[in-house]
Amino acid sequence: METATWKSASHCTATYGDGGDPDPFQWDTREDCEVRQILDRVADKWSLLVIALLDRRVLRFTELKRAIDGVSQRMLTVTLRQLERDGLVKRTVHPVVPPRVDYELTPLGATLHTTIRSLVTWTEQHQNEIAAAREEYDTRETATVS
């Protein structure tokens with residue numbers, strides 16, 4: 001499934017509640033909000049995998065395709081184009097026969113990788129707690145249905 005990106009810049013301004021605190025979900029209420037578009041892009045599973053693989057490495061398209069199980073050629077192409085458009089990935093075409101195209105993270109993409117690494121670390125540290133919570137939930141739901 002592809003997601004559209006808007007060609008024109010649109011910005012969301014903070015919406016403040018009665019207490020003067022910004023509403024953390026206001027960005028999710030407007031389709032033209034850049035924050036929502038960016039989060040949709042960087043939270044996409046293919047984008048996450050591409051960014052993780054390009055950490056401190058330059059890879060060719062075929063290397064990325066081989067390393068990402070289940071991604072189609074078209075989806076990888078779309079993902080790389082979107083990440084390049086967002087300034088997260090740099091594409092370099094070498095004038096050789098056959099053509100060689102390399103991909104690498106930009107400095108901006110590298111800062112995002114740091115955030116992704118933190119999320120993965122958190123997930124690894126809490127995976128057993130999450131598995132236990134899922135099991136408890138499933139047991140509860142099964143008992144309710146019975």
Side-chain angles (χ1 to χ4, degrees), residues 1-138 140-141:
M1 179 171 138
E2 291 182 38
T3 58
T5 58
W6 304 96
K7 299 288 182 196
S8 63
S10 56
H11 301 279
C12 297
T13 57
T15 303
Y16 291 87
D18 295 337
D21 294 326
D23 178 0
F25 299 106
Q26 71 86 26
W27 55 265
D28 199 30
T29 61
R30 294 180 34 205
E31 284 188 26
D32 64 340
C33 180
E34 281 188 52
V35 173
R36 180 178 183 164
Q37 293 172 28
I38 293 166
L39 286 173
D40 285 348
R41 166 72 30 74
V42 299
D44 170 78
K45 73 176 180 178
W46 302 126
S47 296
L48 287 172
L49 291 169
V50 166
I51 292 165
L53 286 168
L54 292 177
D55 180 40
R56 292 184 236 127
R57 294 186 283 183
V58 176
L59 293 173
R60 296 175 71 178
F61 183 91
T62 53
E63 293 171 314
L64 285 165
K65 175 108 173 55
R66 259 194 312 266
I68 302 174
D69 188 39
V71 70
S72 68
Q73 182 166 332
R74 173 160 168 47
M75 195 67 237
L76 182 56
T77 299
V78 168
T79 299
L80 287 166
R81 284 184 185 156
Q82 291 171 340
L83 292 171
E84 182 182 10
R85 181 172 181 252
D86 289 343
L88 302 172
V89 168
K90 178 184 173 193
R91 177 179 184 260
T92 304
V93 179
H94 300 277
V96 295
V97 178
R100 189 177 112 212
V101 181
D102 292 331
Y103 294 91
E104 63 186 305
L105 289 182
T106 64
L108 180 62
T111 64
L112 179 58
H113 182 268
T114 301
T115 301
I116 291 168
R117 189 175 328 131
S118 296
L119 180 61
V120 170
T121 299
W122 179 89
T123 304
E124 289 171 341
Q125 290 172 348
H126 298 283
Q127 65 184 336
N128 292 336
E129 294 168 70
I130 292 169
R134 287 177 176 175
E135 189 174 320
E136 181 182 317
Y137 176 89
D138 292 347
R140 217 175 35 247
E141 286 298 302

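Throughout, numbering of the chain's residues begins at 1 and tracks the sequence.
Other residues, nucleotides and ligands place no more than 12 heavy atoms under 6.0 Å from the CZ atom of R81. The local environment of CZ in R140 is crowded, with over 12 non-hydrogen atoms from other residues, nucleotides or ligands closer than 6.0 Å. Within 6.0 Å of atom CG in D138, more than 12 heavy atoms from other residues, nucleotides or ligands are found, so the atom counts as buried in its surroundings. Heavy-atom contacts from other residues, nucleotides or ligands closer than 6.0 Å to CD of E141 number more than 12.
Once rounded to the nearest 0.5 Å, the distance linking CG of L53 with CZ of R66 reads 12.0 Å. Here the CD1-CH2 distance, from I68 to W46, works out to 7.0 Å after rounding to the nearest 0.5 Å. Atom CG of residue L80 and atom CG of residue L54 lie 7.5 Å apart, to the nearest 0.5 angstrom. Distance check: Q127 CD to W122 CH2 gives 10.5 Å after rounding to the nearest 0.5 Å. In this structure, CG on L48 lies 7.0 Å from CG on D44, to the nearest 0.5 angstrom. Rounding to the nearest 0.5 Å gives a distance of 4.5 Å between CG of L119 and OG1 of T123.
Between L88 and V42, the closest side-chain pair of non-hydrogen atoms falls below 4.5 Å.
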Intermediate values then yes/no, side chain to side chain contact (heavy atoms under 4.5 Å, CB included), L49 and L64: CA-CA 9 Å; L49 291 169; L64 285 165; over 6 Å; no
Derivation and outcome, side chain to side chain contact (heavy atoms under 4.5 Å, CB included), residues V120 and E124: CA-CA 6 Å; V120 170; E124 289 171 341; 3.8 Å; yes
From CA spacing to verdict: side chain to side chain contact (heavy atoms under 4.5 Å, CB included), I38, D86: CA-CA 8 Å; I38 293 166; D86 289 343; 5.7 Å; no
V89/L105 under side chain to side chain contact (heavy atoms under 4.5 Å, CB included): CA gap, chis, key distance, verdict: CA-CA 4 Å; V89 168; L105 289 182; 4.3 Å; yes
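Here the shortest heavy-atom pairing between R91 and Y103 reads NE-OH, 3.4 Å. Between V58 and E104 the shortest heavy-atom distance is CG2-CB, 3.8 Å.
With sequence neighbours excluded, the residues forming a side-chain contact (heavy atoms from CB on, under 4.5 Å) with T121 are R117, Q125, listed by chain and number. A search for side chain to side chain donor-acceptor pair (under 3.5 Å) contacts involving E129 returns H126, not counting sequence neighbours.
For residues 92-102, the pairs satisfying salt bridge (Lys or Arg N to Asp or Glu O under 4.0 Å) are R100-D102, with sequence neighbours left out.
Counting only distance, with no hydrogens or angles, the side chain of S47 and the backbone of A43 share no donor-acceptor pair below 3.5 Å.
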